[in-house]
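For reference, the structure is listed below as structure tokens.
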Amino acid sequence: AMSASRWLEKDIEYVGPDEAPLAMVGDQDRVEDVISILLDNASKYTPVGGRISVITRRRREVATLEVADTGQGIPEKDLPHIFDRFYRSDLSRAAGEGGFGLGLAIAKSIVVSMGGEISAASVEGRGTVFTVRLPRGRA
């Protein structure tokens with residue numbers, strides 16, 4: 001039940017696990033909320049013909065979820081702030097976007113409430129990877 005459909009007109013290629021792996025990751029509604037926020041964000045900043053992938057991995061104690069895109073990337077000076085409420089980078093202003101708004105702040109609060117952590121790595125012009133780690137006990 002992803003909300004990817006409204007982005008399909010951008011001709012972005014979504015690559016990811018089918019429902020089965022996601023269903024194994026714990027508090028499912030909350031995890032799906034995080035995924036759709038991250039997909040939403042990735043879609044906003046990924047150009048036509050880009051690629052967004054969702055990867056899930058399980059280690060002994062931790063379930064890891066990665067959402068990667070081939071978008072414009074996030075400037076290094078902005079990275080520490082993207083989970084702050086209403087933080088707007090110069091990039092989002094230039095794109096005429098509403099900035100990161102509440103989405104990433106909400107995603108972070110959900111992940112933290114589940115005892116997990118969320119981080120982002122980005123290279124300008126190459127893309128961004130968001131990584132969510134959730135303790136297996138909760139996942």
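We're numbering straight along the sequence, starting at 1.
Between Glu66 and Ser53, every side-chain heavy-atom pair lies at or beyond the 4.5 Å cut-off. Contact annotation: the side chain of Leu134 never approaches that of Val62 to less than 4.5 Å [non-hydrogen atoms, C-beta and beyond]. Counting only heavy atoms from C-beta outward, the side chains of Leu65 and Phe130 never approach each other to under 4.5 Å. Thr131 places a side-chain heavy atom less than 4.5 Å from the side chain of Thr64. Contact annotation: the side chain of Ile106 approaches that of Ile37 to within less than 4.5 Å [non-hydrogen atoms, C-beta and beyond]. A 4.5 Å side-chain heavy-atom check between Glu124 and Gln72 finds every atom pair outside the cut-off.
In this structure, the separation between CZ on Arg133 and CZ on Arg59 is 10.5 Å, given to the nearest 0.5 Å. Expressed to the nearest 0.5 Å, how far CD of Glu32 lies from CG of Leu39 amounts to 11.0 Å. Atom NZ of Lys44 is separated from atom CG of Asp40 by 6.5 Å, given to the nearest 0.5 angstrom.
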Given Val111 and Arg30, is the side-chain contact (heavy atoms from CB on, under 4.5 Å) satisfied, shown in steps?
CA-CA 8 Å; Val111 170; Arg30 290 201 291 174; over 6 Å; no
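Val129 and Ala68 get closest at one heavy-atom pair: CG2-CB, 3.9 Å. Across Thr128 and Gly73, no two heavy atoms sit closer than the pair OG1-CA, 3.5 Å.
Using a 4.0 Å cut-off between charged side-chain N and carboxylate O, Lys108 and Glu117 make no salt bridge.
Judged by distance alone, the side chain of Ser122 and the main-chain N or O of Gly127 form a donor-acceptor pair under 3.5 Å.
Checking Ile118, Asp33, Val54, Asp69 one by one against Leu38, the side chain to side chain contact (heavy atoms under 4.5 Å, CB included) holds for a single residue, Ile118.
Using modelled atom types, one finds no donor on one side chain facing an acceptor on the other under 3.5 Å when comparing Thr46 with Arg51.
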